[in-house]
**Student:** 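Would you mind keeping the following structure in view while I ask a few things?
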Amino acid sequence: MLSLRGNKFSGELPSSIQNCTKLKFLDLSDNELSGEVPMWIGQSLSRLVFLSLQRNQFRGRIPHQLCGLKYLQILDLSVNKISDIIPPCINNFTSMAEKVSLDRRIEHHLSDEGIFVSFIRFRYVDEALFTWKGTKQCYPQLGLLLAIDLSCNKLTGEIPEELNCLQELVALNLSRNFLTGKIPQKIGHLRQLEVLDLSGNKFSGNIPTSLSELTFLSTLDLSYNDLSGKIPTSTQLQSFDPSSFSHNRGLCGSPVSPNCSIVEPPPSKPAVGGEEDSDVVMKWFYTGMGLGFAVGFWGFCSVVFFKRSWRHSYYRYLDNAKDWVYVSFVLLKARLVRRTKALSTSCTR
């Protein structure tokens, strides 16, 4: 076990940590560590059960090598600057995907001068902290909670369908990112889910009906998205506070509104092909306008160049126009000068 949380460590993670191949518990949260999440965490620390890099300055993408942590029970990368997509290989977290015999404690075996001493039930795991239902809570035994927290980052793209394979997952927090697309229709396959927070993203479309099948769900937040349509009817979903669905302009139904008939429909989209047809018409319009100008301009220049009488007439017209502008300007100037002198004379009197 290695816990260095709550300090002011900065810089990148030293690569020497990868020599700790038997490490099960790694907590580096609440520091000022930077750089990319190292690939070697998923390669050399393959026995990890708990990994928390929460509240640091990590950037870049989530390395796909991290999917090699098949014993992982808690993954917390929240409050960093991690970007790009959620790796589809996330379904390789075997401890979250299958019913396996999970470690309820971390055992420490010490030997001294050839005498083997076993210290079972050392409660180091009492120090494991995880943000659960909005507050940081302490967990005395690993295995009681299977959780992924990637909130407060810069993740983009859609939720990978492979996430639906983590059927033993208890808590999932993807809030406050830049995720798009629709909420997976099969998210209801995560039967053990108790906490689901997808707020503060750009999810669109309907709320999947399978979400109403999550009987253990006690915390739900879908607010601040672009969801639309009717909220699926179930005892579970209707029991949540309306704030769980707030700031989704197109959502209707209980608990947001009594029914969908009194809710203004979202702005209608143009008919299929209508926007494309409009773009084609405008392209042809600008093309025709450009061709008409080119033909008219060069046609005029050709006539003037090849027909002497027209060329002389055109030049005489330009000379007359120039003379008219010059004379008009001189007369206007003289008139202004006279008025100015008249005003100055009247003022002196």
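Throughout, numbering of the chain's residues begins at 1 and tracks the sequence. Side chains included, hydrogens not; waters and symmetry mates left out as well; all remaining heavy atoms used.
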**Student:** Considering only distance and modelled atom types, tabulate donor-acceptor pairs under 3.5 Å from the side chains of residues 12-20, sequence neighbours left out.
**Tutor:**
unit_1	atom_1	unit_2	atom_2	d
Q18	OE1	S44	OG	3.4
Q18	NE2	S15	O	3.0
N19	ND2	S16	O	3.3

**Student:** With a 4.5 Å limit on heavy-atom distance, are the side chains of L23 and L2 in contact?
**Tutor:**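 Yes. Closest side-chain heavy atoms under 4.5 Å.
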**Student:** Mind checking what makes salt bridge (Lys or Arg N to Asp or Glu O under 4.0 Å) contact with R59, not counting sequence neighbours?
**Tutor:**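 Once residues adjacent in sequence are excluded, R59 has no partner under the salt bridge (Lys or Arg N to Asp or Glu O under 4.0 Å) criterion.
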**Student:** Output yes when a side-chain donor or acceptor of D149 lies under 3.5 Å from a complementary backbone atom of L77, and no otherwise.
**Tutor:** no
**Student:** So which heavy atom on P242 is nearest to which on P255, and how close?
**Tutor:**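 Smallest interatomic distance, heavy atoms only, reads CG-O, 3.5 Å.
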**Student:** Going by the disulfide (SG to SG under 2.5 Å) test, which pairs reach into residues 145-231, not counting sequence neighbours?
**Tutor:** none
**Student:** Return the set of residues passing side chain to side chain donor-acceptor pair (under 3.5 Å) with S223 (not counting sequence neighbours), or none when no residue passes.
**Tutor:** D221
**Student:** How would you list, by chain and number, every residue that makes a salt bridge (Lys or Arg N to Asp or Glu O under 4.0 Å) with D84, sequence neighbours excluded?
**Tutor:** R61
**Student:** Check salt bridge (Lys or Arg N to Asp or Glu O under 4.0 Å) between R191 and all other residues, then give those that pass, not counting sequence neighbours.
**Tutor:**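 By the salt bridge (Lys or Arg N to Asp or Glu O under 4.0 Å) rule, R191 matches E213.
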**Student:** Okay, side chain of S228, backbone of L251: is any donor-acceptor separation there less than 3.5 Å?
**Tutor:** no
**Student:** Using side-chain contact (heavy atoms from CB on, under 4.5 Å), reason through Y71 and L48 one step at a time and then give a plain yes or no.
**Tutor:** CA-CA 6 Å; Y71 301 111; L48 277 180; over 6 Å; no
**Student:** Any side-chain heavy atom of L193 within less than 4.5 Å of one from L172?
**Tutor:** yes
**Student:** Under the 3.5 angstrom rule, does the side chain of S244 hit a backbone N or O of F240 as a donor-acceptor pair?
**Tutor:** no
**Student:** Are any of the side-chain heavy atoms of L155 and I62 separated by less than 4.5 Å?
**Tutor:**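 When only atoms from C-beta onward are counted, I62 and L155 do touch, with a gap below 4.5 Å.
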**Student:** Keeping N91 on the side-chain end and E162 on the backbone end, is there a donor-acceptor pair under 3.5 Å?
**Tutor:**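 Here the side-chain-to-backbone pair does not exist.
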**Student:** Using a 3.5 Å distance criterion without hydrogens, assess whether the side chain of Q238 forms a donor-acceptor pair with backbone atoms of P232.
**Tutor:** yes
**Student:** Is there a side-chain contact between L222 and I183 in this structure, where contact means two heavy atoms from C-beta onward sitting under 4.5 Å apart?
**Tutor:**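 In short, these two side chains touch, coming nearer than 4.5 Å.
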**Student:** So how far is it from S151 OG to N173 CG, rounded to the nearest 0.5 Å?
**Tutor:**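 Reported to 0.5 Å precision, the distance equals 4.0 Å.
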**Student:** side-chain contact (heavy atoms from CB on, under 4.5 Å) between R55 and S29: does it pass, once the steps are laid out?
**Tutor:** CA-CA 6 Å; R55 292 187 183 277; S29 59; 5.6 Å; no
**Student:** Return the set of residues passing side chain to side chain donor-acceptor pair (under 3.5 Å) with E161 (not counting sequence neighbours), or none when no residue passes.
**Tutor:** N164
**Student:** Check residues 196-210 and write down every donor-acceptor pair under 3.5 Å in which the side-chain atom is one partner and the other belongs to a residue at least two apart or another chain.
**Tutor:**
unit_1	atom_1	unit_2	atom_2	d
D197	OD1	S199	N	3.1
D197	OD1	S199	OG	2.7
N201	OD1	N177	N	3.2
N201	OD1	F178	N	3.4
N201	OD1	L179	N	3.1
N201	ND2	L174	O	3.0
N201	ND2	L198	O	3.1
N201	ND2	S199	O	3.2
S210	OG	Q185	O	2.5
S210	OG	G188	N	3.1

**Student:** Determine the minimum heavy-atom distance between L169 and L146, stating which atoms define it.
**Tutor:**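 Looking at all heavy atoms of both residues, the closest pair is CD1-O, 3.5 Å.
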**Student:** Using the salt bridge (charged side-chain N to carboxylate O under 4.0 Å, His left out) rule, collect all pairs that involve residues 231-244, keeping only residues at least two apart or in two chains.
**Tutor:**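 Every candidate salt bridge (charged side-chain N to carboxylate O under 4.0 Å, His left out) pair involving residues 231-244 fails, so no pair, neighbours aside, qualifies.
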**Student:** Before you tell me yes or no, could you show the steps for E98 and E168 under side-chain contact (heavy atoms from CB on, under 4.5 Å), namely the whole-Å CA-CA distance, both residues' side-chain angles and the distance that decides it to 0.1 Å?
**Tutor:** CA-CA 7 Å; E98 303 174 2; E168 301 301 314; 5.9 Å; no
**Student:** In chain order, what residues pass the ring-ring contact (aromatic ring centres under 6.0 Å, His included) check against H64, with sequence neighbours excluded?
**Tutor:**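 H64 satisfies ring-ring contact (aromatic ring centres under 6.0 Å, His included) with no residue once adjacent residues are dropped.
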**Student:** Whether the side chain of N248 engages the backbone of L227 through a donor-acceptor N/O pair (distance < 3.5 Å, no angle test) should be reported.
**Tutor:** yes
**Student:** Taking atom NZ of K230 and atom SG of C252, what is their separation to the nearest 0.5 Å?
**Tutor:**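 Separation between the atoms: 7.5 Å.
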**Student:** Given 3.5 Å as the limit, does a donor-acceptor pair link the side chain of N80 with the main chain of F58, or not?
**Tutor:**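 Yes.
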**Student:** Flag the pair L26 / L45 as yes when at least one side-chain heavy-atom distance between them is below 4.5 Å, and no otherwise.
**Tutor:**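 With C-beta onward as the side chain, the pair touches.
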**Student:** Any side-chain heavy-atom pair from I148 and I90 closer than 4.5 angstrom?
**Tutor:**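 Of all side-chain heavy-atom pairs linking I90 with I148, at least one is under 4.5 Å.
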**Student:** Say whether I85 and L163 are linked into one hydrophobic cluster, either directly or through other cluster members, by side-chain heavy-atom distances under 4.5 angstrom.
**Tutor:** no
**Student:** Which pair of heavy atoms, one from M96 and one from Q73, lies closest together, and at what distance?
**Tutor:** CE-O, 3.6 Å
**Student:** With a 4.5 Å cut-off on side-chain heavy atoms, are I41 and L51 touching?
**Tutor:** yes
**Student:** Residues in side chain to side chain donor-acceptor pair (under 3.5 Å) with K182, at least two apart?
**Tutor:**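 None.
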**Student:** Under 3.5 Å, is there a donor-acceptor pair between the side chain of N153 and the main chain of I82?
**Tutor:**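 Checked: pair present.
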**Student:** Under 4.5 Å between any side-chain heavy atoms of F216 and Q192, yes or no?
**Tutor:** yes
**Student:** Are L69 and L53 linked, directly or through intermediate hydrophobic residues, by side-chain heavy-atom contacts shorter than 4.5 Å (ILVMFWY only)?
**Tutor:** yes
**Student:** Charged N to carboxylate O below 4.0 Å: is that the case for R5 and D27?
**Tutor:**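 Judged by the 4.0 Å cut-off on N to carboxylate O distance, R5 and D27 do form a salt bridge.
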**Student:** Say whether W40 and L28 are linked into one hydrophobic cluster, either directly or through other cluster members, by side-chain heavy-atom distances under 4.5 angstrom.
**Tutor:**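 Yes; L28 is reachable from W40 via cluster members.
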**Student:** To the nearest 0.5 angstrom, please state how far the OG atom of S46 sits from the CG atom of L72.
**Tutor:**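 It comes to 11.5 Å.
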**Student:** So, the side chain of S95 versus the backbone of K70: is there a donor-acceptor pair under 3.5 Å, distance only?
**Tutor:** yes
**Student:** Going by ring-ring contact (aromatic ring centres under 6.0 Å, His included), name the residues that satisfy it together with Y224, two or more places apart in sequence or in a different chain.
**Tutor:** H247
